[in-house]
Structure formats: C-alpha cells, structure tokens
Amino acid sequence: MLATAGGSAALATPTSRIKDIVNIENVRPNQLVGYGLVVGLQGTGDRTRNIPFTEETIQSMLERMGVNIRGVRMQTQNVAAVSVIATLPPFARSGSTIDVQIGAMGDATSLQGGTLLVTSLRGLDGEIYAVAQGPVAVSGFRAQGAAATVTRGVSTSARIAGGAIVEREVPFALKSARTLKLALKNPDFTTAYRIAGAVNQRIAGAAEVLDPATVELTPPAGFGGSVVDLVARVEDVPIDIDQPARVVINEATGTVVMGADVRVSPVAIAQGGLTISVTETPVASQPGPLSNGTTQVLPRTRIDVDDGSGRSLGVLQGSTSLVSLVSGLNAFGVSPRDLITVLQALRTAGALQADIEVQ
C-alpha cells in the first residue's frame, strides 16, 4: 500500500511543539524486572515435574512461611512461574503505582484467573524499586477439547493495571541544574536551529545549538528563574519540523511510506511483467467393455501466458509535491509490490531524490 495524504493539492510543513519532538537530558524512564509466581490457575499452570525452577520457587516460598516440603513430590498444575516487567517513569514518587506486564516462563497454557504473589522489581543496579501483586488480566483465551483447540490472543501473557507500588525513588535534582540539554528525537540541523531560534525569540540568549541532536538551554542574566522555569516557558513553542526526503519500504507487507519532501526528476517508465499460469486437468480413459484393457490417466496441461503487451512506456514528470508524485505513479496502475521495484529502479537511475530505507 502507498501511504499518502489524499485529497489535498499540497502537503503543509508539519508543526509540533518543542515538548513533542525532544527529550530532556537525564529525564527518562527506567526498566524494572522481577520473577514471581501466579497462583489460582485452573489446571493450566506449569507441570512441576517438567519445570524444575517452578518447583524450587514454590518450596522456597513455603519455607519462608514456615512450611517444609523438601523431598515431597508435588503434582500441582495451578501455579506458574512468570517474569514481571515494568517501566518506572521519571520523577515517580514512593507510594505511586505503575502498570506491570507478566509472561509465563514455563509450560503453562494460560494465566486466566490467576493472581500474582508479591514480587520485587529490581533495576539494573540490583536495587528493589517497586513491589507487584494482584489479580492478572489476560486479553486472550484458550479452550481445548479431545479433538479440537480454540485460541485467541496470547493467554500466557497478562497485565496488572497499577499492580506495582513504587518503594524507592530515583534521585535527580533537576531544579539545581544550571543548564539543560534538549535531545531531538530525530536529529536534524534545520530543526535544531529552528528550535534555538524560536526559544531565543521568546527568551533572548536562552538557547544554543550544540549539534544536530542537541540544543542547550541556559537561563540568561536577569531571567529570574531556574532552568525548570525556562523549560516550562518554552516547551509549548510551535516548531516547523524539517523532515529528510526518505522512502521507507517494508517488502514483507508491501508497504511504502514517502516523506513530504520526496521528489523525482523527469523520467520514462515501462512497467510490465510476464505471468505464466500452468493448470493440470488429468483425464481418466476407460477401456471398452470386455476389452481386457486397463484404465489410464491421460495428462491435460493448459498454459496461459500474459506478457503485459497492453502496457507501454510512460513519462513521469518532475514532481513538485508528494501528492503529484503519487498521482503520477498511480497512473501506471502498478501494484504495491511492483511500486517497490519501480521506486528502487528510480533511485538507481538517479531520478528519485530521496533515501530509500528497506525494512
């Protein structure tokens, strides 16, 4: 498919706020991970004899509660060992809640109806930052009978909204910082200079471009506030984003996405393909009565050839907008997958003024 903004004669330059196109230095989320048990399953949990770590975890948990079952053969299938992951947002405070995602680690077939037991969530530094517990919510289901199985979604993955309580904060003194860097999500010289210009127009001398990906903010003399106050006053400033001329192609799905600045030089295109269809329709030949003959299968093959003879050479005029470029390409009546080949050939010929990224 070809993604376009149909209906308009030209595409306007996209406008966004500064806060939508940059990340602030050191203001980022942190990944947390944990290991726990989901209990209360209806026979859909791990088979403990096949998954030894589930059995070991159950024994360790019960021993901490004063129950010794070492040496006892367990047959339960109502428990599943799971991984628990969460994202700790920036400036999260103790006592606030975050969502957690749960995934089965053993051979459990479904987590439907289960409850996650208290699980510590650790960061890469090994410290515990949150604790998760609660009933899990599964979006998929799995039903199985003697001769058929019905599955929808993924029943071994679940989620608990607000299922973890933050226990430890990530310290960061943003207010005491003297300067702050804005990191562009899509580095670009033009966009970086537009950000600095717009900020300086609102607060003179507050912004400086360090490189295509970084704009530094510094409260100017006489500003009368911290760097946090400076960010709050400029984060909603509108910016015209400058996008590179790029064509993104996904050959697996046949998807083509073009940027607004994609241009093509005048070029002639002949697009066609050779299609050969072979159909086998064998015919059985029966012998006559009392002839002592045998039945024979006679092959019948039909071959159809389409050489695209109805297609001719066409001229694609120089394009001044994405809409006119797409209209010109669509005039050839090519399929999405043929369009991928045409675009790659245009780039090789030097007629496509854009980069091609193949996914």
Side-chain angles (χ1 to χ4, degrees), residues 14-34 83-101 119-132 159-244:
T15 301
S16 298
R17 299 172 300 175
I18 289 180
K19 64 164 60 177
D20 300 323
I21 60 177
V22 303
N23 293 318
I24 300 178
E25 176 188 26
N26 292 328
V27 178
R28 62 176 180 81
N30 290 277
Q31 305 300 322
L32 306 179
V33 65
S83 63
V84 185
I85 61 175
T87 300
L88 183 67
F91 311 116
R93 300 304 178 187
S94 296
S96 59
T97 59
I98 56 177
D99 298 344
V100 296
Q101 185 71 35
T119 302
S120 59
L121 301 179
R122 301 176 182 269
L124 292 179
D125 57 359
E127 299 291 341
I128 297 176
Y129 286 90
V131 176
R159 187 177 181 86
I160 306 178
I165 300 176
V166 177
E167 301 289 344
R168 181 191 297 267
E169 300 176 2
V170 178
F172 183 65
L174 183 63
K175 191 174 181 62
S176 62
R178 295 185 177 181
T179 62
L180 204 60
K181 294 183 177 67
L182 305 180
L184 276 69
K185 297 178 181 178
N186 297 304
D188 182 80
F189 275 109
T190 303
T191 303
Y193 274 94
R194 286 177 180 174
I195 291 176
V199 171
N200 288 331
Q201 186 174 3
R202 177 168 292 192
I203 303 175
E208 180 184 4
V209 177
L210 301 184
D211 53 58
T214 312
V215 177
E216 186 177 50
L217 298 182
T218 305
F223 176 69
S226 66
V227 70
V228 176
D229 302 321
L230 176 59
V231 173
R233 290 184 58 179
V234 303
E235 65 177 0
D236 63 341
V237 174
I239 300 294
D240 291 335
I241 303 173
D242 187 71
Q243 296 178 333

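Reckoned from all heavy atoms, side chains included, excluding hydrogens, waters and symmetry mates.
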**Q.** Spacing of CD1 belonging to Ile18 relative to OG1 belonging to Thr191, to within rounding of 0.5 Å
**A.** 11.5 Å
**Q.** Minimal non-hydrogen separation, Gly205 against Asn200, with atom names
**A.** N-OD1, 3.5 Å
Q | Stepwise side-chain contact (heavy atoms from CB on, under 4.5 Å) test for Val33 and Ile85 | A | CA-CA 4 Å; Val33 65; Ile85 61 175; 4.0 Å; yes
Q | Residue pair Val27 / Phe91, side-chain heavy-atom distance below 4.5 Å | A | yes
Q) Side chains of Ile24 and Leu182: does their closest heavy-atom pair fall under 4.5 Å? A) yes
Q) Taking atom CG of Asp242 and atom CG of Asn186, what is their separation to the nearest 0.5 Å? A) 11.5 Å
Q) Could you state the interatomic distance from CG (Asp99) to CZ (Arg159), rounded to the nearest 0.5 Å? A) 4.5 Å
Q: With side-chain contact (heavy atoms from CB on, under 4.5 Å) as the test, would you mind laying out the steps for Thr119 and Val100 before giving the verdict?
A: CA-CA 11 Å; Thr119 302; Val100 296; over 6 Å; no
Q | Residue pair Val22, Val215: steps toward the side-chain contact (heavy atoms from CB on, under 4.5 Å) verdict | A | CA-CA 9 Å; Val22 303; Val215 177; over 6 Å; no
Q.
On a heavy-atom basis, which atom in Lys185 and which in Asn23 lie closest, and how many Å separate them?
A. CE-OD1, 3.3 Å
Q) How far does CG of Leu217 sit from CD1 of Ile203, to the nearest 0.5 angstrom? A) 9.0 Å
**Q.** OG1 on Thr218 to CZ on Arg178, rounded to 0.5 Å
**A.** 11.0 Å
Q: Identify the two heavy atoms, one from Leu121 and one from Ala132, that lie closest to each other, and give their separation to 0.1 Å.
A: CD1-CB, 4.3 Å
(Q) Run Asp188 and Arg194 through salt bridge (charged side-chain N to carboxylate O under 4.0 Å, His left out) and show every step you take. (A) CA-CA 10 Å; Asp188 182 80; Arg194 286 177 180 174; over 6 Å; no
Q: Report the distance from atom CD1 of Ile98 to atom CG of Leu88, rounding to the nearest 0.5 Å.
A: 5.5 Å
Q. In terms of heavy-atom contacts, does CD of Gln201 have more than 12 from other residues, nucleotides or ligands at under 6.0 Å?
A. no
**Q.** Distance-minimising heavy-atom pair for Val237 and Ala198
**A.** CG1-CB, 3.5 Å
(Q) Within the 4.5 Å heavy-atom criterion, are Leu230 and Phe223 side-chain neighbours or not? (A) yes
Q | Ile21, CD1: over 12 other non-hydrogen atoms inside 6.0 angstrom | A | yes
Q) Looking only at heavy atoms, what is the nearest atom pair of Leu210 and Lys181, with distance? A) CD1-CE, 3.7 Å
Q | Minimum side-chain heavy-atom gap Ser16-Ile239 below 4.5 Å | A | no
Q: For Pro220 and Ala206, work out which heavy atoms get closest and say how close.
A: CD-CB, 4.1 Å
**Q.** Stepwise side chain to side chain donor-acceptor pair (under 3.5 Å) test for Asn30 and Arg28
**A.** CA-CA 7 Å; Asn30 290 277; Arg28 62 176 180 81; 3.0 Å; yes
**Q.** Flag, side chain of Thr214 to backbone of Asp211, donor-acceptor distance under 3.5 Å
**A.** no
